[in-house]
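In what follows, a structure is listed as structure tokens, so that the remarks can point back to it.
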Amino acid sequence: MADHPHWYTEGVGHIWLPYTQMKTATPPLPVQSTDGVRITLSDGRELIDGISSWWAAAHGYNHPHIMGAMKTQLEAMPHVMFGGMVNEPALKLFTRLAAMLPGDLNRVFIAESGSVSVEVAMKMALQYFFNRGEKRSKFVHFRGTYHGDTLGTMAVCDPEEGMHGLFGDVLAKNLLSDLPRTAEDAAKFADFLKANASDVAAVVTEPLVQGAGGMVFHQAETLRWLREACDAADVLLIVDEIFTGFYRTGTRFAIDQAGIVPDMVTLSKALSGGVSPLSACVAREEIFEAFYDDDPAKALMHGPTYMAHALGCAAANASLDLFEREDYAAKVHVIEGQLMAELAPCGFLDSVKSVRVKGAIGVVQLHDASGLEALKPRLVERGVWIRPFRDIVYLTPPLVIGKDDLSILTGAICDLLGA
């Protein structure tokens, strides 16, 4: 590590990386700076970011409008507690989110991480029924799904996926189902939900794309079937838009393609443009009203220390400015077409099982995932930052990426898989 900066050599022995077996892991890359769609390493190498820092940096890095908004807010007030106080960036953000989302999704509980926003939604769903005098304790979730790494959210991830398998005996026992993909499946799911409704608070799902489960797609019709089944069984519907929200699938929210109004929606990642930890659980007015009472025991007892972080909310408002001022749907349409055209040749490779694209998500799925770890450093050598996982090599580039940079990303994948 002689060529690395001192901060790296002094600090790397103290880190604990995410999703990583530290004993066998390749040392992480030291990043010096970011700009646009590029990450600059401490040795001067530049990488084109193909995954938007885990899907969050929708506007690229260091966008001047977001940076300017944060600098202004930092000078005035980076944060103040949200218990008994409010701040302007937060209330502006809440008002804007309520206006963007369909129906009466207008009560915003803001936190700092996506996992926490899903925890809050689950807690709201349970207490919604508790406050009505019903002791419902379970959730319905789906194979292939992922909603976070906290104890509550792990219990609504796919238990057979493996990432959280060690915790199976200590997690809450919920009801696992397959996503309905046909009308026949939908009818069976509706019957299943009705049969278990007395113990089910909510159905929890990712819309259109199961992200960490392998970038598996489903149609908007599936969301409509889930909404109908929940309505028939008097069960709440929680839709996790943390990955899909803000044009990743081509529309502002994935639920827009289905024309449904969930009971709760969770948001994070691109909400702040990928520059500040921030998340939101947005609930319908009916959910809020079940907590609005003279009885203090019916209040929602939840409150992160950095809830409504003023600096993060300022970043989010600036991020929303960009989504509103520019035609991101058109940007994603162009990216989608280019991904389809340039990843298509991978489909002729013997090693490739399938190629699929939805919005600004491009996926190459392999028959054999054993060589993916060896592929990672070769991608870096090609000047791209792409992180294969499970059995897929995928792209979720910043939504502002140019044609030439996107071609470098797709070319690296096709060339290295075909080598």
Side-chain angles (χ1 to χ4, degrees), residues 7 11 18 31-40 49 52-101 106-121 148-150 241-243 245-248 252 265-283 300 302-326 328 398-400:
W7 58 262
V31 176
Q32 192 65 41
S33 63
T34 56
D35 184 57
V37 301
R38 283 172 164 73
I39 299 168
T40 300
D49 187 357
S52 302
S53 273
W54 271 335
W55 326 328
H59 312 291
Y61 296 103
N62 302 34
H63 194 288
H65 182 65
I66 299 178
M67 296 298 100
M70 294 184 76
K71 288 175 182 176
T72 299
Q73 184 61 41
L74 185 61
E75 291 175 357
M77 176 184 63
H79 179 64
V80 66
M81 66 183 291
F82 211 59
M85 294 182 172
V86 295
N87 63 77
E88 182 180 1
L91 295 195
K92 280 187 173 181
L93 178 61
F94 298 177
T95 301
R96 296 174 76 176
L97 290 176
M100 285 181 170
L101 287 160
N106 58 21
R107 292 289 179 169
V108 183
F109 192 100
I110 201 91
E112 66 284 280
S113 76
S115 294
V116 171
S117 70
V118 178
E119 289 270 357
V120 169
D149 298 330
T150 53
E241 289 255 18
I242 289 168
F243 170 36
F246 303 106
Y247 295 97
R248 180 56 62 181
R252 183 157 55 188
V265 170
T266 59
L267 305 168
S268 191
K269 295 192 183 293
L271 173 61
S272 73
V275 302
S276 176
L278 199 71
S279 68
C281 171
V282 188
L300 178 66
H302 201 94
T305 300
Y306 286 96
M307 180 177 180
H309 183 230
L311 189 59
C313 290
N317 278 307
S319 176
L320 296 190
D321 288 344
L322 296 175
F323 284 125
E324 290 174 349
R325 292 175 187 174
E326 301 179 29
Y328 272 74
L399 305 184
V400 295

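For Phe323, the side chain to side chain contact (heavy atoms under 4.5 Å, CB included) partners at least two apart in sequence or on another chain are Ala58, His59, Phe246, Tyr247, Ala270, Ser319, Leu320, Tyr328, Leu399. Residues satisfying the salt bridge (Lys or Arg N to Asp or Glu O under 4.0 Å) criterion with Arg252, sequence neighbours excluded, are absent altogether. Here Asp35 pairs with nothing under the salt bridge (Lys or Arg N to Asp or Glu O under 4.0 Å) rule; sequence neighbours left out. Listed by chain and residue number, Phe82, Asn87, Phe94, Ala308, Cys313 satisfy the side chain to side chain contact (heavy atoms under 4.5 Å, CB included) test with Ala90 (two or more places apart in sequence, or in another chain). Remark: Lys92 pairs with Glu88 by the salt bridge (Lys or Arg N to Asp or Glu O under 4.0 Å) rule, at least two apart or across chains. Residues passing the side chain to side chain contact (heavy atoms under 4.5 Å, CB included) test with Thr72, sequence neighbours excluded: none.
Taken to the nearest 0.5 Å, the CH2 atom of Trp55 stands 9.5 Å off from the CZ atom of Arg248. With rounding to the nearest 0.5 angstrom, the CE atom of Met77 is 10.0 Å from the CG atom of Leu311. Distance check: Asp49 CG to Arg38 CZ gives 11.0 Å after rounding to the nearest 0.5 Å. The distance from atom CH2 of Trp54 to atom NZ of Lys269, rounded to the nearest 0.5 Å, is 7.5 Å. The structure places OH of Tyr306 at 14.5 Å from OG of Ser113, a figure rounded to the nearest 0.5 Å.
Leu278 has its side chain within reach of Leu93: a pair of non-hydrogen atoms, C-beta onward, lies under 4.5 Å apart. Put simply, the side chain of Phe109 reaches to within 4.5 Å of the side chain of Pro304, judged on heavy atoms. Two residues are said to be in side-chain contact when any heavy atoms from C-beta on lie closer than 4.5 Å; Val275 and Met67 meet this criterion.
Closest non-hydrogen pair, Ile66 versus Gly273, comes out as CD1-CA, 4.4 Å. Considering every non-hydrogen atom in both Ala318 and His65, the closest pair reads O-CD2, 3.4 Å. Between Ala310 and Pro89, the shortest heavy-atom distance links the atoms O-CB, 3.7 Å. Of all heavy-atom pairs spanning Met307 and His79, the tightest one is O-CE1, 3.6 Å. Closest heavy-atom contact between Ser117 and Leu267: OG-O, 4.2 Å. Ser268 and Ile242 make their closest contact through CB-CG2, 3.8 Å (heavy atoms, listed as atom of the first residue, atom of the second, distance).
The main-chain N or O of Ala98 is never found under 3.5 Å from a side-chain atom of Asn106 such that the two would form a donor-acceptor pair. Checking side-chain atoms of Ser53 against main-chain N and O of Ala56 turns up no donor-acceptor pair under 3.5 Å. Between the Arg96 side chain and the Asn317 main chain, a donor and an acceptor come within less than 3.5 Å of each other.
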From CA spacing to verdict: side-chain contact (heavy atoms from CB on, under 4.5 Å), Val400, Leu322: CA-CA 11 Å; Val400 295; Leu322 296 175; over 6 Å; no
Passes side-chain contact (heavy atoms from CB on, under 4.5 Å), Leu97 versus Leu271? Steps please. CA-CA 10 Å; Leu97 290 176; Leu271 173 61; 4.1 Å; yes
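Within 6.0 Å of the CE atom in Met81, the count of heavy atoms belonging to other residues, nucleotides or ligands does not exceed 12.
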